[in-house]
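First the structure, in the form of structure tokens, and then the observations on it.
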Amino acid sequence: MTQPPFQPDPLIDFGAITPERLPELLRGMPKAELHMHIEGSLEPELIFALAQRNKVQLPYDSVEALRAAYAFTDLQSFLDIYYAGASVLLHEQDFYDMAMAYLQRAVADNVVRTEIFFDPQTHTARGVAMETVILGLSRACADAQAKWGLGSDLILCFLRHLSEDDALDTLREATPYRSHFIGVGLDSSEVGHPPEKFSEVFLRARERGLRLVAHAGEEGPPAYIWSALDVLRVERIDHGVQSSRDPALMARLAKERVPLTVCPLSNLKLCVVPDLGQHNLGQLLDAGLCVTVNSDDPAYFGGYVNDNYVQTFAATGLDARQAWQLAANSFEASFVEPEVRQGYVAQLDTYFRQFAESSAAQAQP
Ligand code: ADE
Ligand code: ZN
């Protein structure tokens, strides 16, 4: 069943790409982003603009005051502010505007495919209709395809701090809009809310032909990754950085090529790692896991996907071949048809071949 990982075109001369050109290489390479919460792309300026448009009172006086509150100590300290920020979203146009801003930013980072998380319960609990949320986001995805050729799809996430009954109601409520999303995920406060709490709703989602992912092993233990795989039967693990504490789990993830959607700047900002130089991205990659690089909540964590690549490479000393591998992994892990995936990897090979050739030409005396 499992396909072998992609191999780079043998004509790519990785050795010609000097470390000085790595940021340019990383920024220009085609890539997929597979772990991004659309509510986490709300920049403070847009939060204030929407608050004014919708006459919503914010507990901050200015953009600067809001930004100053972005000093997180753990996941929960972030989530409290993140849910407050989402309170300005009321109308279909608000969801559209938020998504278009992210999609345009993704195009600038040479993202060619993005799979976007959204948290409907954050909005339906405030009286916003499911239709308003989904149709606004979906219209933005369609327009981004038409305007920029960017491929995107939506993944509906259940909030794990709420009950499974609430998640089941949410799935039921979203069912009339089934054609507008491709999968379901699980996010919010992890510790104390193990994946098995949501076994029934994931089973129902699978029966509806939805793709399955879950956050696991961000702050929670490796046991949550095991149960996301074995109980929920997810196809990708979001974060999963705690897997390096469990050698048997590492071996399984490598053997089955279970993708991990890693978010280095998020891990730094939420104190999962003390500094980026100690991030285990390279260790996971060297162990043969299908790790990918993503932004999680770019407006809150100080960077979009290219910032995650560039800063992590600078801090950990990864090289051009590993850049190719991470981008290829992002396509391998994406929920697209095999021919589309092949097309993306061919695009990646062409980009690397041409980049290496131009580097070799520049090196000529
Ligand atoms: N929701 C938004 N970002 C999240 C994260 N990093 N972990 C869990 N839930 C989230
Ligand atoms: Zn996340």
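Whatever order the structure lists them in is the order used to number ligands and atoms, beginning at 1. Every heavy atom of this structure was used, including side-chain atoms; hydrogens, water molecules and symmetry mates were not.
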D119 to ligand 1: N or O pair under 3.5 Å?
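For ligand 1, there is no N or O atom that lies under 3.5 Å from one belonging to D119.
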
Can you find a non-hydrogen atom of L79 under 4.0 Å from ligand 1?
yes

If the contact criterion is a heavy-atom separation under 4.0 Å, does G40 count as touching ligand 1?
no

Main-chain N/O of [Y] paired with [X] side-chain donor or acceptor, under 3.5 Å:
{"X": "K197", "Y": "E164", "answer": "no"}
{"X": "T316", "Y": "T312", "answer": "yes"}
{"X": "T292", "Y": "L260", "answer": "yes"}
{"X": "H35", "Y": "T261", "answer": "yes"}

Under 2.8 Å: N/O/S of H239 next to the Zn ion (ligand 2)
no

Short check: any N/O/S atom of C263 below 2.8 Å from the Zn ion (ligand 2)?
no

Select one of side chain, backbone, both or neither to describe which atoms of [X] lie under 4.0 Å from any atom of ligand 1, heavy atoms only.
{"X": "E39", "value": "neither"}
{"X": "H239", "value": "side chain"}
{"X": "F78", "value": "side chain"}

Tell me which protein heavy atom sits closest to [atom], plus the residue, atom name and distance to 0.1 Å.
{"atom": "atom 1 (N) of ligand 1", "answer": "H37 CE1, 3.5 Å"}
{"atom": "atom 3 (N) of ligand 1", "answer": "D297 OD2, 2.7 Å"}
{"atom": "atom 7 (N) of ligand 1", "answer": "E218 OE1, 2.7 Å"}
{"atom": "atom 9 (N) of ligand 1", "answer": "S188 N, 2.8 Å"}
{"atom": "atom 6 (N) of ligand 1", "answer": "D296 OD2, 2.7 Å"}

Atom of H37 closest to the Zn ion (ligand 2), considering N, O or S atoms:
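This residue's closest N, O or S atom turns out to be NE2.
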
Taking just the N, O or S atoms of D296, which one is nearest to the Zn ion (ligand 2)?
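The nearest such atom is OD1.
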
Counting neighbours of CZ on R233 that are heavy atoms of other residues, nucleotides or ligands and sit closer than 6.0 Å, is the number greater than 12?
no

Applying side-chain contact (heavy atoms from CB on, under 4.5 Å), run through V293 and S330 and close with a yes or a no.
CA-CA 8 Å; V293 171; S330 75; over 6 Å; no

Would [X] pass as a cation-pi partner of [Y], given that its NZ or CZ must be under 6.0 Å from the six-membered ring centre and within 45 degrees of the axis?
{"X": "R21", "Y": "F355", "value": "yes"}
{"X": "R321", "Y": "F352", "value": "no"}
{"X": "R341", "Y": "F331", "value": "no"}
{"X": "K269", "Y": "F78", "value": "no"}

